[in-house]
Amino acid sequence: MSKIIKATAPAKVNLVFEVGGIQPDGYHPVNSLFLALNLREELTLVNGETGTGVSIYVHGQSLPERHIQAVPTDETNLVYKVAQALASHHNIPTPDLQVDILKRIPVAGGMAGGSSDAAAMLVALNEFLFQEQGIARLSTAELAALGAKLGSDIPFCLYGGLAIGTNRGEQIQELPDLEFESNWLLCISNQGLSTPLVFHKFDELSTGNSFNDLGSLRITSAQELAAVMSNDLEGAALALIPALAHLKEQLEELGALRAMVSGSGPTIAALFDSAARCHEVVELLKAEGIFALVSTGPSAGARLES
Ligand code: C5P
């Protein structure tokens, strides 16, 4: 009998994204307030035929097809790298696996789509190795340490909820969840933006900013949340895709409490005070040929699903 393990993991928005000056290692210190959204990747693991290695299959109906096409299915996929990293951590050969990824998070959108897949794979493979080979499960902190080596957003996708991310964004300090459900409209650009390119533009425009104490922010309503939202990478993303500035304005005219580039962009995350208004605005945008999704936050971190 084939063993089937299913896991899901959330998308993220950076409610606050403060970015310091570039360091000698090429990375930027960041101070980020992350929120996980109920836009979840779904990953299913099944034993592969002996000797076939890791095969990855990507599909999804809720995103434009080009997002599905853009995901590599070879060893450059983060899911493949997770399989190698976890196997090497346990000193075992990389198992033969079939991995099915149901994509719901836009690709190259600044919403941690690839990192979410990696987080789901860490959780699923951790369980698979326990059930199939009796290997003791690693803790979330241990999985996060492994994930951090592969991508800065992977640890947050493991923890979910509301958290502060420092250093490269991979050092996670969990915060109590928001006590209200926040409603988001996510406006997906036709064009992707690569994270390194946006950080590079940021370096051209700025020497880096100072950091605030994000743990002391008081956020008890959508209005208070709108007032704290900020993103130091926004100027760089807008410089690379100038049309995003108009879209931001348009979303605020249509009733968003705040519309902001998500992480390194180009997705625009717009906060609304009702889910109903989000859905109305999605329809208005659709009529203009603009693709948008609706989601809510907070959402749990990567977890097994029965
Ligand atoms: O860690 P991750 O693979 O997601 O980062 C992708 C790229 O984004 C890095 O190679 C680096 O160019 C840039 N980056 C950065 N500072 C960070 C995180 C990412 O400059 N804190």
Side-chain angles (χ1 to χ4, degrees), residues 5-17 30-45 62 78-79 82 86 101-107 109-127 137-184 186 214-215 217 219-220 222 225 228-229 231 262-264 267 269 271 275 293-306:
I5 309 270
K6 196 178 275 248
T8 63
K12 60 93 183 167
V13 282
N14 303 85
L15 301 175
V16 179
F17 201 33
V30 304
N31 190 34
S32 168
L33 184 62
F34 284 114
L35 177 70
L37 299 186
N38 284 306
L39 186 63
R40 298 180 72 88
E41 300 283 80
E42 207 172 294
L43 181 144
T44 309
L45 265 191
S62 57
L78 276 176
V79 159
V82 164
L86 202 49
I101 301 171
L102 172 55
K103 270 214 108 31
R104 298 199 177 98
I105 307 176
V107 174
M111 299 196 64
S115 296
S116 178
D117 294 340
M121 181 65 171
L122 279 164
V123 166
L125 188 53
N126 193 36
E127 183 65 19
R137 297 180 184 100
L138 298 184
S139 66
T140 302
E142 288 168 320
L143 295 177
L146 270 175
K149 295 185 194 147
L150 301 174
S152 310
D153 287 335
I154 296 174
F156 176 69
C157 292
L158 284 164
Y159 287 103
L162 181 71
I164 297 173
T166 51
N167 198 36
R168 295 175 176 187
E170 87 291 4
Q171 299 278 351
I172 297 300
Q173 179 196 335
E174 291 183 275
L175 295 176
D177 258 342
L178 291 179
E179 284 168 15
F180 61 97
E181 189 172 68
S182 56
N183 294 291
W184 296 89
L186 306 159
L214 303 181
L217 290 173
I219 309 174
T220 60
L225 174 51
V228 305
M229 282 168 64
N231 179 1
S262 170
S264 57
T267 301
L271 176 67
L293 296 167
V294 172
S295 189
T296 57
S299 187
R303 64 175 180 210
L304 296 172
E305 305 284 344
S306 51

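Position 1 is the first residue of the sequence, and the numbers go up from there. Given the structure is predicted, the values throughout are model-derived calculations rather than measurements.
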>> Working to the nearest 0.5 angstrom, can you tell me the gap between D153 CG and F34 CZ?
In response: 4.5 Å

>> Within this structure, what is the CG-CG distance for the pair L37 and N183, rounded to the nearest 0.5 Å?
In response: 10.5 Å

>> Would you say that K149 contacts I154 through its side chain, given a criterion of any heavy-atom pair below 4.5 Å between the two side chains?
In response: no

>> Give me the atom names and distance for the closest heavy-atom approach of P10 to G301.
In response: CD-C, 4.0 Å

>> With side chain to side chain contact (heavy atoms under 4.5 Å, CB included) as the criterion, how do L175 and L214 come out once you've worked through the C-alpha distance, each side chain's angles and the decisive distance to 0.1 Å?
In response: CA-CA 10 Å; L175 295 176; L214 303 181; over 6 Å; no

> Any idea which heavy atoms bring I5 and A124 closest together, and the distance?
Replying inline: CG2-O, 3.7 Å

>> Keeping N231 on the side-chain end and G263 on the backbone end, is there a donor-acceptor pair under 3.5 Å?
In response: yes

>> Can a donor-acceptor pair be found, under 3.5 Å and without considering hydrogens, that links the side chain of E142 to the backbone of S139?
In response: yes

> Which distance, rounded to the nearest 0.5 Å, do you find between the NZ of K6 and the CG of L102?
Replying inline: 8.0 Å

> Do any N or O atoms from the side chain of S116 and from the backbone of A11 form a donor-acceptor pair under 3.5 angstrom?
Replying inline: no

> What pair of heavy atoms forms the shortest contact from R104 to E41, and how long is it?
Replying inline: N-OE1, 2.6 Å

>> Run the side chain to side chain contact (heavy atoms under 4.5 Å, CB included) test on V13 and M229 for me, step by step, so that the C-alpha distance in whole Å, both residues' side-chain angles and the decisive distance to 0.1 Å come before the verdict.
In response: CA-CA 10 Å; V13 282; M229 282 168 64; over 6 Å; no

> If every non-hydrogen atom of L122 is compared with every non-hydrogen atom of L143, which pair is closest and at what distance?
Replying inline: CD1-O, 3.7 Å

>> Please evaluate residues V123 and L304 with respect to the criterion side chain to side chain contact (heavy atoms under 4.5 Å, CB included), reporting the C-alpha separation (whole Å), side-chain torsions for both, the decisive distance (0.1 Å), and the verdict.
In response: CA-CA 7 Å; V123 166; L304 296 172; 3.7 Å; yes

>> Tell me which one of L39, T267, D117 satisfies side chain to side chain contact (heavy atoms under 4.5 Å, CB included) with I105.
In response: L39

>> Would the distance check show the side chain of S182 and the main-chain N or O of G297 forming a donor-acceptor pair, the cut-off being under 3.5 Å?
In response: yes

> Should we say atom NZ of K103 is surrounded by more than 12 heavy atoms from elsewhere, each under 6.0 Å from it?
Replying inline: yes

> Between CE of M111 and CG of L293, what distance do you get to the nearest 0.5 Å?
Replying inline: 8.0 Å

>> Are the side chains of L217 and V16 in contact, using a 4.5 Å heavy-atom criterion?
In response: yes

>> Quick check against the 3.5 Å criterion: does S262 have a side-chain atom that pairs as donor or acceptor with the backbone of G110?
In response: yes

> Just how far is it from atom CD of E305 to atom CG of L43, taken to the nearest 0.5 Å?
Replying inline: 11.5 Å

>> Using every non-hydrogen atom in the two residues, find where S32 and N14 come nearest and quote the distance to one decimal.
In response: OG-ND2, 2.8 Å

>> For a quick test of reading the model, state the closest non-hydrogen atom pair linking G165 to I172 and the distance between them.
In response: CA-CD1, 4.1 Å

>> Just verifying a value: how many Å separate T140 OG1 and E174 CD, rounded to the nearest 0.5 Å?
In response: 8.5 Å

> Counting distance only, does the side-chain N/O of N126 pair as donor-acceptor with the main-chain N or O of L138 below 3.5 Å?
Replying inline: yes

> Is any side-chain N of the basic residue among R40 and E42 closer than 4.0 Å to the acidic one's carboxylate O?
Replying inline: no

